[in-house]
K.L.:
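Below you will find the structure I want to go over with you.
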Amino acid sequence: MGFEVATIFPGVLLEGAERVAKNASSYEAALYPRMIQEMGWSSTLISESNGGYGGSFADIGSLLEGMASRAINLPIMTRCCIVPGMLEAAPERETVSALLSQIAEGVACIELAGPLSWRQTHALPQLSPVTDGWTVNGRLEDFEWTEGCTHVLFCALDTASQKISIVIIEAGQLPDHASSFVTVERRRIKRVDMGSLKISNDSVLVQGDDASAMCQAGWKLAQVSVAADIVCTMNYMLSETVNYLQERKQFGQPLARFQVLRHDVAKLYVSYETCKNLLMASLRSLDEAGGSDDLAALDLLGVYTREEAIAFAQSVIQLHGGMGMTQETMAARMASRLVANAFRFGDVHSHAKALTQLQAGEK
């Protein structure tokens, strides 16, 4: 029984990300997040006209694959993919171009807070017009507000017009009323009570259809990012499992020789290959206009990869004979990564509900 890790997103960025991951302490929650700016990764999806690399999602996939190789956590999904993708989807405005240029230069570090879609259950902050600006009420949910973060981008609901708005504020403006916790994969997350925060008119980037388009662009990137991270983690996790079964002996022979365990590994391989092929087939939906078929394809991707991620993690822990419950093992950290990804930017239930509603509408 053997398995060799096959590169999913080859490229120069993968080589750099793998080197960073190998040099990091594998038990740390994350590297210093500022490394994203220092390595220039935040400019990956930004167009060349705004000073960026002008790359594609395959380049983001390389970064995610490199981090997955050692189960290293950096906010690459949000800061390198979702936020730049949303800003690139915004109407051409001087404010937006300036933000993109600042990200590309490494001057600005923008983190995403809160939900991007009705599929997520968190309530949107409320945006109310006042003299010379706006007030924001509510709470910013679950984001990595780390040292070096200069801005926070989030969706809000305009209480007057009931339109979706995209808001960006400087991190220094955020109130001190914050709670924090550490996730199962050791990401440090914060929730901030906005109170009645006064912001300027410039802080509201867009509203209405333009804001919805930005949200949709961000949501689509979020879904393929989560799926890519799941698939890449499965790839390395399967290799870890096969190596463990070949090295660990019981009754005088390697565990890899026991037929029932070989069958379990075969199931893991089928699950990995199916998720990988579904991911590659779904990537074309990023380039489409966002019709119901494209959104349904990403919901299907979300349902399947998230379900398989949890089952995959459970099987690997069982194949390790319970040792996977020890955080110092690579298999345990990868299992935690899979379980956490299954609940990022939606879960199985939310995607299944969206598909059900789509089918009911078609009828």
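Residue indices begin at 1 and follow the sequence shown.
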K.L.:
Might you point out which heavy atoms bring Ala71 and Met334 nearest each other, and give the distance in Å?
P.N.:
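Here Ala71 and Met334 meet closest at CB-CG, 4.1 Å.
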K.L.:
For Gln223 and Phe345, indicate whether the former's side chain and the latter's backbone hold a donor-acceptor pair under 3.5 Å.
P.N.:
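Yes, the answer is positive, given that a donor and an acceptor are paired below the 3.5 Å cut-off.
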K.L.:
Could you pull out the closest heavy-atom pair between Lys220 and Ser285, with the gap in Å?
P.N.:
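Shortest heavy-atom separation between Lys220 and Ser285 comes out as NZ-O, 2.9 Å.
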K.L.:
Can you tell me if CZ on Phe251 sees more than 12 non-hydrogen neighbours from other groups inside 6.0 Å?
P.N.:
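Check fails, neighbour count at 12 or below.
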K.L.:
Using only heavy-atom distances, determine whether the side chains of Glu273 and Tyr269 contain a donor-acceptor pair under 3.5 Å.
P.N.:
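Indeed, the side chains of Glu273 and Tyr269 share at least one donor-acceptor pair under 3.5 Å.
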K.L.:
I need the full list of side-chain hydrogen bond (donor to acceptor under 3.5 Å, both in side chains) pairs touching residues 252-265, with sequence neighbours left out, sorted by first then second residue.
P.N.:
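Every candidate side-chain hydrogen bond (donor to acceptor under 3.5 Å, both in side chains) pair involving residues 252-265 fails, so no pair, neighbours aside, qualifies.
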K.L.:
Decide whether Asn73 and Glu185 meet the rule of one side-chain donor and one side-chain acceptor closer than 3.5 Å.
P.N.:
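Side chains of Asn73 and Glu185: no pair found under 3.5 Å.
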K.L.:
Using distance alone, with no hydrogens and no angle criterion, decide if Asp59 and Ser62 have a side-chain donor and acceptor under 3.5 Å apart.
P.N.:
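Side-chain D/A pair, Asp59 to Ser62: absent.
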K.L.:
Output the distance between atom OG (Ser180) and atom NZ (Lys190), rounded to the nearest 0.5 Å.
P.N.:
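So the gap between those two atoms works out to 6.0 Å.
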K.L.:
Within the 4.5 Å heavy-atom criterion, are Lys198 and Gln173 side-chain neighbours or not?
P.N.:
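No, their side chains stay 4.5 Å or more apart.
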K.L.:
Under the criterion side chain to side chain contact (heavy atoms under 4.5 Å, CB included), I'd like the reasoning laid out for Leu279 against Ile230: C-alpha separation, chi angles, the key distance, then a yes or no.
P.N.:
CA-CA 10 Å; Leu279 169 65; Ile230 287 173; over 6 Å; no
K.L.:
Does any N or O in the side chain of Thr150 come within less than 3.5 Å of the main-chain N or O of Cys109, such that one atom is a donor and the other an acceptor?
P.N.:
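Judged by distance alone, yes, a pair lies under 3.5 Å.
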K.L.:
Is it the case that Ser225 and Asp229 place a side-chain donor and acceptor less than 3.5 Å from each other?
P.N.:
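Ser225 vs Asp229: no donor-acceptor pair found between side chains.
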K.L.:
Could you walk me through whether Met280 and Leu283 satisfy the side chain to side chain contact (heavy atoms under 4.5 Å, CB included) test, starting with their C-alpha distance in whole Å, then the side-chain angles of each, then the deciding distance to 0.1 Å, before giving a yes or no?
P.N.:
CA-CA 5 Å; Met280 295 306 174; Leu283 287 180; 3.9 Å; yes
K.L.:
Counting only heavy atoms not in Asn201 (residues, nucleotides, ligands), do more than 12 fall under 6.0 Å from its CG?
P.N.:
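For Asn201, atom CG is crowded (more than 12 foreign heavy atoms under 6.0 Å).
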K.L.:
Do Val107 and Ile46 land in one hydrophobic cluster if side-chain heavy atoms of ILVMFWY residues count as linked below 4.5 Å?
P.N.:
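They do not share one cluster, since no chain of ILVMFWY contacts under 4.5 Å joins Val107 to Ile46.
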K.L.:
Count I, L, V, M, F, W, Y as connected when their side-chain heavy atoms are under 4.5 Å apart, and connections chain through other members. Are Phe343 and Val303 then in the same cluster?
P.N.:
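Result: no, two separate clusters.
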K.L.:
More than 12 foreign heavy atoms under 6.0 Å from CG of Asp209: is that the case here?
P.N.:
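Result for CG/Asp209: open.
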K.L.:
Could you grab the distance from atom OG of Ser212 to atom NZ of Lys163, nearest 0.5 Å is fine?
P.N.:
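Here the rounded value is 10.0 Å.
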K.L.:
Does atom NZ of Lys249 have more than 12 heavy-atom neighbours from other groups under 6.0 Å away?
P.N.:
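No - once you tally the heavy atoms of other residues, nucleotides and ligands closer than 6.0 Å, there are 12 at most.
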K.L.:
Going by heavy atoms in the side chains, are Gln126 and Thr135 under 4.5 Å from each other?
P.N.:
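Contact flag for Gln126/Thr135 side chains = no.
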K.L.:
At their closest point, which heavy atom of Ser42 faces which heavy atom of Pro84, and how far apart are they?
P.N.:
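Minimum heavy-atom separation between Ser42 and Pro84: O-CG, 4.0 Å.
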K.L.:
Does Val136 belong to the same Ile/Leu/Val/Met/Phe/Trp/Tyr cluster as Leu153, with side-chain heavy atoms less than 4.5 Å apart forming each link?
P.N.:
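No, because Val136 and Leu153 fall into different hydrophobic clusters, even though each may have its own neighbours under 4.5 Å.
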K.L.:
Report the C-alpha separation of Thr241 and Phe3 in whole Å, then their side-chain angles, then the decisive distance to 0.1 Å, and conclude whether the side chain to side chain contact (heavy atoms under 4.5 Å, CB included) test is met.
P.N.:
CA-CA 9 Å; Thr241 302; Phe3 176 79; over 6 Å; no
K.L.:
Heavy atoms, side chains only, cut-off 4.5 Å: are Thr329 and His320 in contact?
P.N.:
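No, side chains not in contact.
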K.L.:
Mind checking whether Thr78 and Phe143 have side chains closer than 4.5 Å, heavy atoms only?
P.N.:
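The answer is no; the side chains never approach within 4.5 Å.
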K.L.:
State plainly whether one hydrophobic cluster holds both Ile310 and Phe312, where clusters connect Ile, Leu, Val, Met, Phe, Trp and Tyr through side-chain heavy atoms under 4.5 angstrom apart.
P.N.:
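No: no chain of side-chain contacts under 4.5 Å links Ile310 to Phe312.
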K.L.:
OG/Ser101 to CG/Asn50 distance, rounded to the nearest 0.5 angstrom?
P.N.:
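Ser101 OG to Asn50 CG: 4.5 Å, rounded to 0.5 Å.
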K.L.:
Identify the two heavy atoms, one from Val206 and one from Pro91, that lie closest to each other, and give their separation to 0.1 Å.
P.N.:
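Looking at all heavy atoms of both residues, the closest pair is CG1-CD, 3.8 Å.
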K.L.:
Between atom CH2 of Trp41 and atom CE of Met67, what is the distance when rounded to the nearest 0.5 Å?
P.N.:
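Nearest 0.5 Å value for the CH2-CE distance: 4.0 Å.
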K.L.:
Does a side-chain heavy-atom distance below 4.5 Å link Trp219 with Pro115?
P.N.:
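No, their side chains stay 4.5 Å or more apart.
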K.L.:
Can you tell me how far CD1 of Ile168 sits from OG1 of Thr95, rounded to the nearest 0.5 angstrom?
P.N.:
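Those atoms lie 10.0 Å apart.
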K.L.:
Give me the atom names and distance for the closest heavy-atom approach of Arg306 to Val348.
P.N.:
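Closest approach of Arg306 to Val348: CB-CG2, 3.5 Å.
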K.L.:
Could you tell me whether the side chain of Phe154 reaches within less than 4.5 Å of the side chain of Leu124, counting heavy atoms only?
P.N.:
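Side chain of Leu124 against side chain of Phe154, heavy atoms only: no contact under 4.5 Å found.
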K.L.:
Got more than 12 heavy atoms from elsewhere within 6.0 Å of CD, Glu147?
P.N.:
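Open: at most 12 neighbouring heavy atoms sit under 6.0 Å from CD of Glu147.
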K.L.:
Testing the 3.5 Å rule here: is there a donor-acceptor pair between the side chains of His151 and Gln102?
P.N.:
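No, no side-chain donor-acceptor pair sits under 3.5 Å.
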K.L.:
Looking just at side-chain N and O atoms, do Thr159 and Ser128 make a donor-acceptor pair shorter than 3.5 Å?
P.N.:
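Distance-only check passes for Thr159 and Ser128.
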K.L.:
Dump the intermediate steps for side chain to side chain donor-acceptor pair (under 3.5 Å) on Asp347 and Ser350, then the final yes or no.
P.N.:
CA-CA 5 Å; Asp347 55 19; Ser350 63; 3.1 Å; yes
K.L.:
For residues Pro75 and Glu111, determine if any side-chain heavy atom of one lies less than 4.5 Å from a side-chain heavy atom of the other.
P.N.:
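Pro75 vs Glu111: side chains touch.
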K.L.:
Could you tell me the separation between the CD atom of Glu65 and the OG1 atom of Thr233, rounded to the nearest 0.5 Å?
P.N.:
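Here the rounded value is 9.5 Å.
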K.L.:
Group every Ile, Leu, Val, Met, Phe, Trp and Tyr by side-chain heavy-atom contacts under 4.5 Å, then state whether Val316 and Val5 land in the same group.
P.N.:
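Val316 clusters together with Val5.
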K.L.:
When you compare the side chain of Asp193 with that of Pro175, does any pair of heavy atoms fall below 4.5 Å?
P.N.:
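The answer is no, as the side chains (C-beta and beyond) never meet within the 4.5 Å cut-off.
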K.L.:
What closest approach, in Å, do Val192 and Ala178 show between heavy atoms, and which atom pair accounts for it?
P.N.:
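So the minimum-distance heavy-atom pair works out to CG2-CB, 3.9 Å.
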K.L.:
Would you please test Leu140 and Leu174 for side chain to side chain contact (heavy atoms under 4.5 Å, CB included) and show each step?
P.N.:
CA-CA 10 Å; Leu140 293 184; Leu174 291 175; 3.8 Å; yes
K.L.:
Got a sec, which residues hit salt bridge (Lys or Arg N to Asp or Glu O under 4.0 Å) with Glu141, two or more places apart in sequence or on another chain?
P.N.:
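Scan of Glu141 (salt bridge (Lys or Arg N to Asp or Glu O under 4.0 Å), adjacent residues dropped) gives Arg139, Arg191.
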K.L.:
Is it true that Glu308 and Ser271 share a donor-acceptor pair across their side chains at a distance under 3.5 Å?
P.N.:
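Note: Ser271 and Glu308 side chains meet the donor-acceptor criterion.
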K.L.:
Could you tell me whether the side chains of Thr146 and Arg79 share a donor-acceptor contact shorter than 3.5 Å?
P.N.:
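Indeed, the side chains of Thr146 and Arg79 share at least one donor-acceptor pair under 3.5 Å.
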K.L.:
Which one of Ile60, Val83, Asn341 satisfies the side chain to side chain contact (heavy atoms under 4.5 Å, CB included) criterion with Met77?
P.N.:
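Single side chain to side chain contact (heavy atoms under 4.5 Å, CB included) partner of Met77 among Ile60, Val83, Asn341: Asn341.
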K.L.:
Considering the options Leu205, Leu87, Asp210, which one meets the side chain to side chain contact (heavy atoms under 4.5 Å, CB included) requirement together with Ile166?
P.N.:
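That would be Leu205; it is the only one of Leu205, Leu87, Asp210 passing the side chain to side chain contact (heavy atoms under 4.5 Å, CB included) with Ile166.
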